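Side chains are part of it too, since the values below use all heavy atoms of this structure and drop only hydrogens, waters and symmetry mates. Not measured: the values here are computed from a predicted model.
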Protein chains: 2
Amino acid sequence: MSTILDVARLAGVSTATVSRVINSPDAVREETRKKVQRAMKTCNYKYNALARGFVTKKSNTIGLIIPNIDNPVFAESTLGVQEYVEEKNIKVILGNTSYRPSQEEKLVKVLRESQVDGLIITSTDPTGPLVQALVDEGFPFVLLFSTIKGGPISAVGVDNYRGGYVATEHLVSLGHKRIGIISGNFSVTDRGYHRWCGYRGCLRDHGIEYDENLLVQTEYSLSGGSKSIKTLLELSEPPTAVFCSNDYIALGAMKGAREMGLRLPDDLSIVGFDDMQTASYMVPALTTVRQPAYEMGRRAGELLLQLIEEPGNPVQDMMDTKLVIRESTISASHDVDKDSK
Amino acid sequence: MSTILDVARLAGVSTATVSRVINSPDAVREETRKKVQRAMKTCNYKYNALARGFVTKKSNTIGLIIPNIDNPVFAESTLGVQEYVEEKNIKVILGNTSYRPSQEEKLVKVLRESQVDGLIITSTDPTGPLVQALVDEGFPFVLLFSTIKGGPISAVGVDNYRGGYVATEHLVSLGHKRIGIISGNFSVTDRGYHRWCGYRGCLRDHGIEYDENLLVQTEYSLSGGSKSIKTLLELSEPPTAVFCSNDYIALGAMKGAREMGLRLPDDLSIVGFDDMQTASYMVPALTTVRQPAYEMGRRAGELLLQLIEEPGNPVQDMMDTKLVIRESTISASHDVDKDSK
DNA sequence: TTGTAAGCGTTATCAA
DNA sequence: TTGATAACGCTTACAA
């Protein structure tokens, strides 16, 4: 593999000149430039960005840490950050935590050793020591799908409390009184917890008594949803509607409910959270609280690059959430014609 | 940021010794090792993997190029390669091509400049000049979701012809005669083309005349599926069954068909390709040809690391495909009770 | 506009 | 078991 030095010799110039034609072509006389470019061709020169990163102390690479690329909402946010940073010629190293804090910790270590210029983290624990350490050391990072609302941290997220509130309110307005909730485990991320708080707040505001049996916590997975709905449905007084703390869980819940012999949405209303790409393709089409995952990813990329440019000035960007009403929710008192649909 | 030199001075040893405690701790006396480790702590030393990569000429990083992380089947294969290579402490830089050859070309350039040790590519054009150049230069790479069957290239894929054949045969065995096919554009990747060849071969073997009006090529997207099914359904003699060249398209087609007033599967049978995670969660649950995307990703990772270890010896691994029959396909001559379901 | 030469943080060779 | 030191491919003052 030929280096800048080979090119320099071949072209009869110094390495500095070769470096210039690569980085600031205008700073070198056209004639020389051509000569150098010809030399690069003939010895099939390939630029070594790693060597450059080594000297400039910028790898032009960022790390992106997410729980699980298999969840479409994270695939979308990932696409968002990628497409944004790519415009600035930045590469992204991707890591999945599977919601394991130990894995998250390992990833930030590994990525920092790789000299990434910054980190975008969809953290399981935004108030934990890992994040704190990053803050203390002044390392550039931004939290994505963040729940924090203050402090010296850049973040992009949505108001999960409000999202949970709105979802529940929709159900209440439809006349539902027994409203269940299937949430990701509060211990694995607090996003689910905040949505539950919104749910509970809404119930309170509408004078509906909170029943703790109506809450089930589970993994963020399809099967988590389908298992959990069964638990809820086996209650002596089962819910007529349920709020699932993401679409992935909602999809599982739909299947589980159907396996129990329920017809949707007639026998059970379901609202999700995320509005993943396929939400409108389900049957019934899923009513859900939309988070603009792609845009959030782009914005996180933008904030991070800003932060890398000039440290300090953390900004927290809370994006709007929006209730998208489709077919999976229906009035509690609708007529049910039991034999036809 | 402190370096190995700072640690060395602090511990009163040479940089070589510090390097040893990092890379081969056993090669240094316990006492010295402890001393060095203490020094690393006190100056908060952080290892610089980039500097190491610079001298060893191994970045311990690979590049993964896929068309689109938003398609669940690529998310799964991505997870597979990541989980495999992570066990070997290799990082992955991810790039999306959006099925654009120019973007694919740019990505291999950028990734190679970043000194990735190898590449895993889900290429749009496995026989094109881009791949050829990699072969010529002896750069380690493996093709994922590959369609090639020979040559000095490592690859993992499935037999797309056979997959298309089996899918079609299932429909034929159900008594369908008018069988449509919605495929990704043949020009963007040849996977769709091979599946179509299988479809056509099967028709021929069963004495069903091929009708070119029954083929529509589209983008690999949800909306591509829903637009295309409408085209098919508007034919004077519309199909009673359709083979979609991936699940993503199939999902779109289901929605499109429903929007045209059809009931599924009664009025139209649909078979997909991939068996993406949510395929069994759809309504009706999707009959599809399963590709083991996760395993394929892992295997691609394995082959690549082997190739990096010892170049040469390309291996092509064709994995088994399997028809998974669910609810979206139904006999052509079933009784349709038009008023109840 | 171009060249000289130091320096980036490691590893690796050789010698002690 | 340890140390001295060259080397890796590039950028960047500074000088010419």
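The CG atom of A:N23 sits 16 Å away from the P atom of C:dT1 (whole-angstrom rounding). Atom CZ in A:R29 sits about 9 Å away from atom C1' in C:dT2, given to the nearest Å. When rounded to the nearest whole Å, the span between CG of B:L5 and P of C:dT11 equals 13 Å. Whole-Å rounding puts the B:I22 CD1 to C:dA12 C1' distance at 14 Å. Here the P atom of nucleotide D:dG9 and the CG atom of A:D6 are 8 Å apart, to the nearest Å. The interatomic distance linking A:R9 (CZ) with C:dT4 (P) rounds to 12 Å, in whole Å. Between the CG atom of B:D26 and the C1' atom of D:dT2 there is a distance of 16 Å, given to the nearest Å.
Distances from the side chain of A:T15 to the nucleotides D:dT2, C:dA5, C:dT11 place C:dA5 closest.
With salt bridges taken as basic N to acidic carboxylate O contacts below 4.0 Å, one links B:E137 and B:R112. Taking a cutoff of 4.0 Å between a charged side-chain nitrogen and a carboxylate oxygen, B:E30 and B:K34 qualify as a salt bridge. At a threshold of 4.0 Å, the pair B:E302-B:K88 does not count as salt-bridged, since none of the basic side-chain nitrogens sits closer than that to a carboxylate oxygen. Taking a cutoff of 4.0 Å between a charged side-chain nitrogen and a carboxylate oxygen, A:R298 and A:E87 qualify as a salt bridge.
Nearer the 5' end of DNA chain D, as judged by each residue's closest nucleotide, is the contact made by B:R20, out of A:A16 and B:R20.
Residues from residues 45-62 of chain A placing a heavy atom under 4.0 Å of any atom in DNA chain D, listed by number, are A:Y45, A:Y47, A:N48, A:A51, A:R52, A:F54, A:V55, A:T56.
Checking B:Y99 against B:E104 by side-chain atom types alone, no donor-acceptor pair falls below 3.5 Å.
In this structure, A:T3 does not reach the D:dG9 phosphate: none of its side-chain N or O atoms is under 4.0 Å from OP1 or OP2. Distances shown here put every side-chain N or O of B:S14 at or beyond 4.0 Å from the OP1 or OP2 atom of D:dT2.
Remark on the helix from C:dT1-D:dA16 to C:dA16-D:dT1: inter-end axis angle 30°, axes from five-pair C1' superpositions, rounded to 10°.
Residue contacts for A:V18: at a heavy-atom cut-off of 4.0 Å it reaches no nucleic acid atom on any strand shown.
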